[in-house]
Undergrad: 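One structure coming up, written as structure tokens, with questions to follow.
Order of the sequence lines sets the chain letters (A, B, ...), proteins ahead of strands, with each chain counted from 1.
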Number of protein chains: 2
Amino acid sequence: MRLDETDKRILQLLQHDSKITTKEISYRLELSMTAIHERIKKLEREKIIANYVAILDKEKVEKNFMVFCHVKLIQHTKENVSKFEREILKLEEVLECFHVSGDYDYILKVYVKNMKAYRSFLVNKLTALNGIGSTQSTFMINEVKNSTNIQL
Amino acid sequence: MRLDETDKRILQLLQHDSKITTKEISYRLELSMTAIHERIKKLEREKIIANYVAILDKEKVEKNFMVFCHVKLIQHTKENVSKFEREILKLEEVLECFHVSGDYDYILKVYVKNMKAYRSFLVNKLTALNGIGSTQSTFMINEVKNSTNIQL
DNA sequence: ACTGAAAAGCGCATTGC
DNA sequence: GCAATGCGCTTTTCAGT
């Protein structure tokens, strides 16, 4: 599906605040509510919009100890890789996991309460998985920017 | 504010799908709509819920070329640092930026269309900023997990 | 693909329990 | 802290262009 300028502007608004009403969008884009409504429904149907979520304040829910954990596997057999990836999905502390180029195989973004909780995660959960060669942790000192908003 | 189990379950549901109705939540948690409604309002008022957003399919909007860009500053004067951080906020390709421990000062998460766009970003935008010492790019080969859902 | 109006459902505030 | 009511707004649908 090709997105025109109107679609992009709608997506921009929804990425910023998904609780915005069709009425408000129609007012801003100078189109009828129905037109906006149909476009949004189409964007949802086509899964351009993957989902709508609430973003929590990580500090207030006490999960603002963030660590980038670089993981290297022992060997890259198809089995090993798919096993590791399946297990990672189950670990609630891992919000993101990317297979990457470079010195390490994976980069995990881990959110926990504090260093103690991170240690526990490393020892009891991550390194408990089979096939982990080595890990290297990079700790967040400060969050400068953390957005979900893709500019179109 | 302290969160009890009910709050946590509500947040869990809203993190998964913010379009869920109070009615549906009240049904699942076996509480009245009023109770659920008041709790959600409080969670919003206290900014436990930071905001509601639409998440887009990065592939479908052609921004699925993701790079972790490690940045080292030349010198860490207060001025340099705050200038850099202010400028980063303006770069739309950078969705996330963390000041981190380790060999590099910052890790940026950059989403662009393809390698050509990334090169353009690096040359024209990032390294055009003053005070950048060096950068190192780690390219995403595959996205294993990418969630915004914090387990409480 | 857009408009306008009507119908259905939900959010929200209020009242009383 | 919960149930019930009613109003207003929003979403959703439908006919028309």
Undergrad: Could you check how far NZ of K19(B) sits from P of dT12(D), rounded to whole Å?
TA: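 Going from NZ in K19(B) over to P in dT12(D) covers 9 Å.
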Undergrad: Taking atom CD as the centre, does E46(B) end up with more than 12 heavy-atom neighbours from other residues, nucleotides or ligands that are less than 6.0 angstrom away?
TA: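 Enclosed.
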Undergrad: Take the protein atom CD1 of I40(A) and the nucleotide atom P of dA1(C), then report the distance between them rounded to whole Å.
TA: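 Answer to the nearest Å: 15 Å.
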Undergrad: Do K58(A)'s NZ or CZ and the ring of Y111(A) fall within the cation-pi criteria of under 6.0 Å and 45°?
TA: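 Verdict for Y111(A): a cation-pi partner in K58(A).
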Undergrad: Nearest-Å distance, CD1 (I36(A)) to C1' (dT12(D))?
TA: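 So the two atoms are 15 Å apart, to the nearest Å.
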Undergrad: Pairs in or reaching into residues 92-104 of chain A: which pass side-chain hydrogen bond (donor to acceptor under 3.5 Å, both in side chains), with residues at least two apart or in two chains?
TA: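 Found E93(A)-K125(A), E96(A)-K109(A), E96(A)-K109(B).
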Undergrad: For a quick check, with a 4.0 angstrom heavy-atom cut-off, what is the B/S/- contact string for nucleotides 11-17 of chain C, read 5' to 3'?
TA: SS-----
Undergrad: Y52(A) OH to dT11(D) C1': how many Å, rounded?
TA: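 Taking OH of Y52(A) and C1' of dT11(D), I get 12 Å after rounding.
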Undergrad: What is the distance, to the nearest angstrom, from the CD atom on E5(A) to the C1' atom on dA1(C)?
TA: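 About 17 Å, once rounded to whole Å.
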Undergrad: Indicate yes or no: does R39(A) engage D4(A) in a salt bridge with an N to O separation below 4.0 Å.
TA: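 The answer is yes: the pair qualifies as a salt bridge.
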Undergrad: Whole Å only: how far is the CG atom of L31(B) from the C1' atom of dA3(D)?
TA: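 Answer to the nearest Å: 13 Å.
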Undergrad: Has K19(A) got more than 12 heavy atoms of other residues, nucleotides or ligands less than 6.0 Å from its NZ?
TA: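 It does: K19(A) NZ has more than 12 such atoms within range.
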Undergrad: Between S32(B) and dA3(D), is there a side-chain N or O to OP1/OP2 distance below 4.0 Å?
TA: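 Result: yes.
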Undergrad: Rounded to the nearest angstrom, tell me the gap between atom CD1 in I25(A) and atom P in dC2(C).
TA: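 I25(A) atom CD1 is separated from dC2(C) atom P by 14 Å.
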Undergrad: Could you check whether K72(B) makes a cation-pi contact with Y106(B), meaning its NZ or CZ is under 6.0 Å from the centre of the six-membered ring and within 45° of the ring axis?
TA: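 Ring-cation test returns no.
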Undergrad: Rounded to whole angstroms, how far apart are CD on E30(A) and C1' on dC2(C)?
TA: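 Going from E30(A) (CD) to dC2(C) (C1'), I get 15 Å.
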